[in-house]
Amino acid sequence: MADLSVSLCGIKLANPTVMASGILGTTRLLLRRAAASGAGAVTMKSVSLLSRGGHPNPTILSFDAGMINAVGYSNPGLEETLKEFADLSDIPAPLFASVVGQNADEFSRVAERITKLPFAAIELPLSCPHTPGYGTLAGQSTPEATFEITAAVRKVTDKPIFVKVSPNVPAIGEVASAAEKGGASAITAVNSMGPGMLINIEARRPMLAFKMGGVTGAALRPVAVRCVYDIYKTVKIPIIGTGGVSCGAHAIEMMMAGATAVGVGSAVFDGGMGVFAQIAREMEDWMDRNGVEKVEELIGAAHR
Amino acid sequence: MRHTVEQPVMARVMEVLDDAPELRTLWLERKMKFQPGQFVMIWIPELDEKPYAVSAQAPGHIAITVRKRGPFSTRLMEMRPGETVGVRGPYGHGFVPKPNGAIIAGGCGLAMVATLKEARPEMPLFFGAKTADEVIYRDRFPDMEVCTDDGTTGYRCFPTDRLRPRLERGEFKVVYTCGPEVMMRAVFDLCEKHGVECQAALERYMKCGFGLCGQCTCGDQLVCQDGPVFDSKALRRMEEFGRSARLKSGQKVTLKQYADGRSC
Ligand SMILES: Cc1cc2nc3c(=O)[nH]c(=O)nc-3n(C[C@H](O)[C@H](O)[C@H](O)COP(=O)(O)O)c2cc1C
C-alpha cells in the first residue's frame with residue numbers, strides 16, 4: 001500500500017490534500033466536516049482585523065473552465081474569529097489559519113492573536129486580486145512588500161508561516177525568495193489569477209457585483225503548475241501547490257512540479273466534500289500502478 | 001468530469017400580481033424542473049442577487065413571491081412586465097413528500113410550501129399571518145386554515161395551536177414547515193414531542209448557492225446544498241436552529257439581530 005503521508009514544515013498530513021482558504025472554512029463545524037471527509041489538512045477562511053461584509057452578490061460563479069469569484073474577504077473580524085475557533089480539539093486533521101491585513105502592522109496585530117489559537121500554521125495571502133486595500137490591489141505581491149509583511153509576522157509567531165502568492169507577477173521566484181528571506185516556512189502557490197470578467201450578453205452587464213474577480217479551477221491549473229515549478233527552483237522551503245487540482249493525476253502533477261502538499265478549492269464545486277478522499281484514492285492507485293511507495297518521492301520529480 | 005456553468009440567465013417578467021400590500025408574485029418566463037422546497041437565485045444587474053423559493057409553476061414559467069424588505073426586494077417589486085431579471089438554479093434539496101402529511105407555514109414562508117401543497121392537495125395546510133392584510137394565496141388554496149395574530153381574519157391564534165390537537169390525535173406522520181424560524185422551531189419541538197417527522201425549510205444569508213463558500217452554514221450543514229429543507233435527524237443536530245444565524249460577514253447573532261440586519 002502506497003504511503004500518502006507528507007510532512008509539511010514538520011506538520012504530518014495523512015494525505016497531501018489541503019482544503020484551500022475561502023472554501024467552506026467559515027466555521028469550526030465546517031472545518032471539522034471537511035477534515036472528517038478526508039482532507040489532509042484544512043484552512044480557515046481569511047480573517048481581517050475588523051469584520052467585513054464583502055462584496056454584494058453575485059460573488060461566485062462558474063464558467064466552462066473554472067470559477068470566478070469576488071467574495072471580498074467577508075469575515076466576522078478578529079474578535080469573533082477568536083471565539084469561533086477557540087477549541088479545535090475534535091478536528092481530525094491539521095488546521096491552518098489565514099490572516100489578511102491592509103499593511104504589515106495590521107497583519108502582525110491579527111497574527112499575534114491568531115497564533116494563540118490551536119492552528120498548526122498561519123497562512124498570509126498577499127495575493128487576492130479583487131479586494132481593494134488588500135492583496136495585489138494594495139501592492140502586497142511585490143518582493144519588497146512580501147518581505148516586509150512576512151518579517152513583521154515572523155516577529156509575532158513561532159508557528160510556521162505560509163506565504164500565499166499571486167500568479168500575476170512577472171517573476172514569481174523573486175516573490176517566493178523574498179518571503180523565504182522574511183522568514184516564511186512555506187509558500188502557498190497560488191491564489192486566484194486575473195482578475196477576470198464574465199459579461200451576461202442579454203443584460204449587457206458584468207455578472208459579478210464587483211464586475212471582476214479571481215479566476216480559479218481548471219483554467220488556473222497550468223499556470224499554477226508553472227508557478228510551483230519556478231518557485232521550486234528558487235527556494236528551499238516547501239510549497240503547497242494550489243490551483244485547479246480536481247483529481248489524483250492533477251495532484252501528482254503538482255507534486256512533480258515541486259509541491260509538498262496540494263491545495264484544493266474549486267474542485268469542491270463539482271466533487272463536494274468527498275473530493276479530498278477521492279483525490280487521495282486516485283493518487284494511491286497511480287502510485288500502486290507505478291511502483292511508487294512514498295508520495296514524498298514525487299516531490300520535484302519533474303526537475304530531476 | 002461534470003462541470004456545470006452556474007451563471008444567471010435572463011428571464012422576462014411576464015406578470016406581476018399583488019398578493020398583499022407588501023407582497024407580490026412575479027411570473028417569469030423560464031422552463032424549469034424543480035422539487036418543492038428548492039430555490040433559485042434572482043439577479044438584478046448592478047444591484048444584488050438573492051435566493052427565492054419557486055412559489056408557483058406553469059408550463060414554461062415559474063413564479064417567485066417577494067416580500068418588501070430592503071432595496072433589492074423593493075426594486076424587484078417595482079418590476080414591470082417586459083423587464084428582465086437573472087435566474088440561476090434550482091438549488092438544494094426540497095421536501096420529500098410522504099403519506100399522512102400536514103403543511104404549516106408562516107408569512108411569506110407560504111411561498112416555499114405552496115408547490116408542495118399543489119403536488120399533494122390532500123395535505124391540510126395551516127397558515128399564520130400577522131393580520132388579514134398579509135394573508136396570501138387564499139384563492140389558490142380555499143381549504144387553507146388561516147390564523148392571524150390579531151384575529152382580523154380566520155382564527156386568532158398561531159397556526160401551531162391548530163396543528164397541536166391534531167398531532168395529539170395522531171393524525172399526521174410528517175409535518176412540512178416554512179416560516180419565521182421561531183415558528184419552525186416550535187413546530188419541530190411539537191413534532192418531537194409526538195414522535196412525528198418534521199421537514200423544515202431554513203433560510204440563511206447565501207452567496208454561491210452551490211456549496212462552495214460556507215456562508216449559509218447552520219450547524220455543520222450548508223443550507224444551500226444540504227438544505228434548504230432539513231429533516232428531524234438533521235435538525236436535532238443543529239444547535240443553531242431556532243437560535244442563531246450568521247450575518248453577511250459570518251458573525252453569529254441571535255435570530256432577532258439577524259432579521260433586523262437583513263436588508264434584502
Ligand atoms: C470562493 C472562493 C473564495 C476564496 N477565498 C479566499 C480567501 O479568503 N483567502 C485566500 O487566501 N484565498 C481564497 N481563495 C483562493 C483559494 O484559496 C485558492 O488559492 C484558489 O481558489 C485556487 O485553487 P483552486 O483552483 O483549487 O480553487 C478563494 C477562492 C474561491 C473560489
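So that the names make sense, note that chain A is the first sequence line, chain B the second, and so on, each numbered from 1. Predicted model, so just to flag it, every value in this text is computed and none were measured.
Listed here is the closest heavy atom pair of B/Met206 and A/Asn57: O-ND2, 2.9 Å. In terms of heavy-atom proximity, B/Lys248 sits nearest to A/Gly54 at NZ-O, 3.5 Å. Closest of all the heavy-atom pairs between B/Trp43 and A/Arg205 is CH2-O, 4.2 Å. Taking both residues in full, the closest heavy atoms of A/Asn200 and B/Val9 are given as ND2-CA, 4.4 Å, listed atom of the first, atom of the second, then distance. Nearest approach of A/Leu30 to B/Asp220, heavy atoms of both residues: CD2-O, 3.6 Å. Taking every heavy atom of both residues into account, B/Gln7 and A/Met207 meet most closely at OE1-CE, 3.2 Å.
Of the listed residues (A/Glu202, A/Lys83, A/Glu80), the greatest number of heavy-atom pairs within a distance under 4.5 Å of chain B belongs to A/Glu80. Per-residue heavy-atom pair counts under 4.5 Å with chain B were compared for A/Ile23, A/Asn75, A/Thr59, and the maximum is reached by A/Asn75. For the set B/Gly211, B/Cys213, B/Gly250, B/Pro45, the entry with the most heavy-atom pairs within less than 4.5 Å of chain A is B/Cys213. Taking chain A as the reference chain and counting heavy-atom pairs below 4.5 Å, the highest number among B/Gln221, B/Lys252, B/Met41 is found for B/Gln221.
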Item to check | CA sep, side-chain torsions, deciding dist, call: A/Leu24, B/Thr217, side-chain contact (heavy atoms from CB on, under 4.5 Å) | outcome: CA-CA 9 Å; A/Leu24 300 175; B/Thr217 166; over 6 Å; no
Item to check | CA sep, side-chain torsions, deciding dist, call: A/Glu84, B/Arg246, salt bridge (Lys or Arg N to Asp or Glu O under 4.0 Å) | outcome: CA-CA 12 Å; A/Glu84 177 69 39; B/Arg246 286 170 194 273; 3.1 Å; yes
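For the pair A/Leu61/B/Arg88, a side-chain contact is recorded, criterion being any heavy-atom separation below 4.5 Å from C-beta on. You'll find the side chain of A/Asn69 stays beyond 4.5 Å of the side chain of B/Leu212, heavy atoms only. Between B/Asp226 and A/Arg33, some side-chain heavy-atom pair lies under the 4.5 Å cut-off. Counting heavy atoms from C-beta on, the side chains of A/Phe269 and B/Glu6 come closer than 4.5 Å.
B/Asp48 places no side-chain N or O within donor-acceptor distance of the main-chain N or O of A/Pro56, the cut-off being under 3.5 Å. With hydrogens and angles ignored, the 3.5 Å screen pairs a side-chain donor or acceptor of A/Thr26 with a backbone N or O of B/Gly214. Not a single donor-acceptor pair under 3.5 Å links the side chain of A/Ser51 to the backbone N or O of B/Ser249.
Within 6.0 Å of the CZ atom in B/Arg185, the count of heavy atoms belonging to other residues, nucleotides or ligands exceeds 12. Within 6.0 Å of atom NE2 in B/His61, more than 12 heavy atoms from other residues, nucleotides or ligands are found, so the atom counts as buried in its surroundings. Counting heavy atoms of neighbouring residues, nucleotides and ligands inside a 6.0 Å radius, atom CZ of B/Arg236 exceeds 12 of them.
There is a side-chain donor-acceptor pair under 3.5 Å between A/Ser74 and B/Lys207.
For chain A, the nearby part of B/Glu46 is the side chain; its heavy atoms alone come within less than 4.5 Å. Contacts between B/Leu47 and chain A at a heavy-atom distance below 4.5 Å involve the backbone alone (N, CA, C, O). Of the two parts of A/Ala209, neither the backbone nor the side chain holds a non-hydrogen atom closer than 4.5 Å to a non-hydrogen atom of chain B. A/Arg52 touches chain B through its backbone: at least one of N, CA, C or O sits under 4.5 Å from a heavy atom, while the side chain does not. Interface residue A/Leu198: only side-chain heavy atoms are found under 4.5 Å from chain B. Using a 4.5 Å cut-off between heavy atoms, A/Ser266 contacts chain B through its backbone alone, with no side-chain atom that close. Both the backbone and the side chain of B/Pro8 come within contact range of chain A, each with at least one heavy atom under 4.5 Å from a heavy atom of that chain.
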